[in-house]
Amino acid sequence: MLMQIMNKSNFKIASDEEIDVARSGQYLLNLPITVDESKLDKKLLEKYFAEHPREDLPEFTDKYVIFRRGIGIDRTTDYFFMEKVDMIIGRTWAWILRKTRIDRLFSRRSSSRRKKDPKKDDEINSEAEDHDLYVERIRIQNMELSLRSLLSKITIQEPTFDRIIVVYRRAGTSSQSDRGIYVKHFRHIPMADLEIVLPEKKNPSLTPMDWVKFLVSAIVGLVAVVGSLELPKADIWVIFAVLSTVIGYCAKTYFTFQQNMATYQNLITQSMYDKQLDSGRGTLLHLCDDVIQQEVKEVIISFFILMEQGKATLQDLDLRCEELLKEEFGVSCNFDVDDAVQKLDKLGIVVRDTIGRYYCVGLKRANEIIGTTTEELVLKAKQGATSP
């Protein structure tokens with residue numbers, strides 16, 4: 001029933017391609033976030049999708065499901081000084097690799113990997129061409145950095161999932177199983193920072209690459225210092241410069257991690273108090289109300305088009321409703337005309353002629369057929385309670 005509510009609310013399960021697009025960049029979160037899978041139940045969702053198979057499901061759907069709806073834009077303006085310095089160091093390192101031709105070794109390995117899986121890039125490119133997901137990413141990695149831009153504020157931009165709902169169940173202990181299903185509702189989540197909504201996240205730590213940087217820096221510094229000491233005339237300033245560079249680089253890596261940790265904590269706090277709309281029963285009640293409002297709007301629009309523009313086939317009615325929404329609100333959508341006409345027919349306020357065209361009864365007659373609505377009864381009760 002939860003899946004039916006999601007479908008009626010126009011929520012879609014985030015596909016593997018959408019997750020790949022989200023993970024292909026960085027926005028405000030610069031730490032690798034992983035899920036503690038030992039704390040999540042794998043039986044419930046695995047059993048459900050085995051009985052109700054779907055295509056293009058991400059690999060983690062046996063542990064948790066991410067539903068998404070709508071696309072938006074998030075912009076952040078700041079100095080991003082440490083990020084700019086990291087980008088300059090990265091570009092300098094890439095230039096050194098190109099000059100020493102070491103990058104050819106890595107390019108051969110990456111090209112061989114691409115040959116093994118030629119379809120993956122095509123799938124991601126085709127997904128990027130989808131108009132529903134096409135929002136330009138403005139990232140530091142794509143900017144031309146100069147001394148002026150290094151010391152000035154810049155604005156970065158990232159597409160967002162307008163609404164996200166995460167569904168999962170925690171793993172039980174050997175003595176007691178946890179049968180509770182957790183439902184969390186978020187809004188305006190940047191795609192590249194999708195990890196902040198994941199359940200049971202592990203506390204981030206220094207990555208293996210950071211430790212490799214530490215070790216390589218220490219080895220290079222030690223070799224340079226020993227080499228300088230073995231010279232006939234050891235220059236104390238050269239030794240000091242080498243040690244300062246190594247220590248400075250290690251300190252920069254450590255403090256960058258600490259800054260990213262602080263940013264991570266702020267993002268988690270913000271997602272809990274600002275971006276999280278509700279959880280549990282509150283989310284379910286919100287979804288049920290959302291479904292009711294959605295279907296009522298579909299019925300009203302369909303009836304209005306038949307009332308104003310006259311008889312129409314199902315295909316013509318679908319096109320007219322979509323044109324109305326495009327004209328009035330400036331958005332394109334796929335109008336669910338079948339569901340709307342089915343409800344109008346069930347209410348008895350639309351009729352089908354001999355050639356298959358639909359037309360509606362008069363507005364006064366339609367109100368008589370529908371009768372007094374629950375909302376009108378509540379409004380009358382309120383007016384009766386306030387009257388002297």
Side-chain angles (χ1 to χ4, degrees), residues 1-16 18-23 27-29 31-49 52 54 57-72 74 133 158-173 177-204 263-294:
M1 287 191 290
L2 176 63
M3 294 296 180
Q4 292 176 0
I5 292 175
M6 292 296 183
N7 185 45
K8 286 290 186 179
S9 301
N10 293 326
F11 275 92
K12 299 179 181 178
I13 296 179
S15 65
D16 210 10
E18 292 167 355
I19 298 298
D20 286 340
V21 170
R23 290 176 173 175
Y27 185 54
L28 299 179
L29 183 61
L31 288 174
I33 307 300
T34 57
V35 174
D36 190 353
E37 297 183 359
S38 63
K39 295 183 179 180
L40 294 175
D41 175 73
K42 299 181 182 179
K43 298 178 181 178
L44 176 68
L45 292 171
E46 185 178 13
K47 181 180 178 182
Y48 173 81
F49 287 115
H52 306 83
R54 299 193 184 193
L57 289 174
E59 58 183 0
F60 53 74
T61 46
D62 61 330
K63 296 174 284 290
Y64 55 92
V65 183
I66 297 177
F67 295 89
R68 65 95 178 168
R69 186 181 70 184
I71 299 296
D74 187 77
L133 285 176
E158 177 70 14
T160 65
F161 291 120
D162 189 59
R163 293 290 186 271
I164 278 186
I165 291 180
V166 183
V167 179
Y168 64 96
R169 185 164 74 175
R170 289 177 179 169
T173 61
S177 61
D178 188 350
R179 299 187 57 84
I181 298 175
Y182 293 82
V183 183
K184 296 185 182 294
H185 193 183
F186 300 89
R187 64 177 179 179
H188 307 320
I189 300 297
M191 290 186 181
D193 294 344
L194 186 64
E195 293 87 351
I196 63 177
V197 305
L198 297 180
E200 303 298 335
K201 295 180 286 292
K202 293 181 181 179
N203 288 327
T263 303
Y264 168 74
Q265 295 295 340
N266 289 334
L267 286 174
I268 294 299
T269 303
Q270 185 182 14
S271 67
M272 293 298 106
Y273 291 97
D274 182 29
K275 294 184 178 296
Q276 183 169 340
L277 294 175
D278 215 327
S279 62
R281 295 178 181 176
T283 298
L284 295 179
L285 291 173
H286 176 81
L287 288 176
C288 290
D289 182 67
D290 203 17
V291 169
I292 294 171
Q293 295 296 329
Q294 180 75 13

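Only heavy atoms go into these numbers, but all of them, side chains included; no hydrogens, no water, no symmetry mates. The first residue of the sequence shown is numbered 1, and numbering continues consecutively from there.
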- request: Report yes if some heavy atom in the side chain of Q294 is under 4.5 Å from a heavy atom in the side chain of K8; otherwise report no.
  value: no
- prompt: Do L287 and I165 come close enough that some side-chain heavy atom pair is under 4.5 Å?
  reply: yes
query: What are the two closest non-hydrogen atoms of C288 and I5, and how far apart are they?
result: SG-CD1, 4.1 Å
statement: Rounding to 0.5 Å, atoms CG (L45) and CD1 (I181) come to a distance of 8.0 Å
- prompt: When rounded to the nearest 0.5 angstrom, what distance separates CD1 in I13 from CZ in R54?
  reply: 4.0 Å
query: So, for V166 and I164, which heavy atoms are closest and what is the spacing to 0.1 Å?
result: CG2-CG2, 3.9 Å
task: Indicate the atoms forming the closest heavy-atom contact of Y168 with K63, along with that distance.
output: CB-O, 3.7 Å
- prompt: With sequence neighbours excluded, what pairs up with D62 under the salt bridge (Lys or Arg N to Asp or Glu O under 4.0 Å) test?
  reply: none
- request: Please round to the nearest 0.5 Å and tell me the distance separating atom OH of Y64 and atom NZ of K184.
  value: 14.5 Å
query: Hey, are the side chains of E59 and D16 touching, using non-hydrogen atoms and a 4.5 Å cut-off?
result: no
- request: To the nearest 0.5 Å, tell me how far D74 CG sits from D162 CG.
  value: 11.5 Å
statement: With sequence neighbours left out, the residues meeting ring-ring contact (aromatic ring centres under 6.0 Å, His included) with H188 are none
- prompt: Taking the side chain as C-beta and beyond, is there a heavy-atom pair between H52 and M3 under 4.5 Å?
  reply: no
- prompt: CZ/F186 to CG/L194 distance, rounded to the nearest 0.5 angstrom?
  reply: 10.0 Å
query: Does the cation-pi check pass for R170 over Y182, that is, NZ or CZ under 6.0 Å from the six-membered ring centre and within 45° of its axis?
result: yes
- line: One should read off an interatomic distance between N10 CG and R68 CZ, to the nearest 0.5 angstrom, of 11.0 Å
task: Determine, step by step, whether L284 and L2 satisfy the side chain to side chain contact (heavy atoms under 4.5 Å, CB included) criterion, reporting the C-alpha distance in whole Å, the side-chain angles of both residues, the deciding distance to 0.1 Å, and the verdict.
output: CA-CA 8 Å; L284 295 179; L2 176 63; 3.7 Å; yes
query: Do F161 and V197 come within less than 4.5 Å of each other through their side chains, counting heavy atoms only?
result: no
message: Could you check whether any side-chain heavy atom of E200 comes within less than 4.5 Å of a side-chain heavy atom of L40, counting everything from C-beta outward?
response: yes
query: Looking only at atom types and distance, does a side-chain atom of D41 sit under 3.5 Å from a main-chain N or O of L44, one as donor and one as acceptor?
result: yes
Residue pair I19 / A14: nearest heavy atoms and the distance that separates them: CD1-CB, 3.9 Å
field: Closest approach of E158 to A192 (non-hydrogen atoms, all atoms of both residues)
entry: OE2-N, 3.1 Å
- request: With sequence neighbours left out, write down each residue that passes ring-ring contact (aromatic ring centres under 6.0 Å, His included) with F67, or none if nothing qualifies.
  value: none
K201 side-chain N/O to L198 backbone N/O, donor-acceptor pair under 3.5 Å: yes
task: Answer yes when R69 and D290 have at least one side-chain N-carboxylate O distance shorter than 4.0 Å, and no when they do not.
output: yes
field: Nearest heavy atoms of A171 and S38, plus distance in Å
entry: CB-O, 3.6 Å
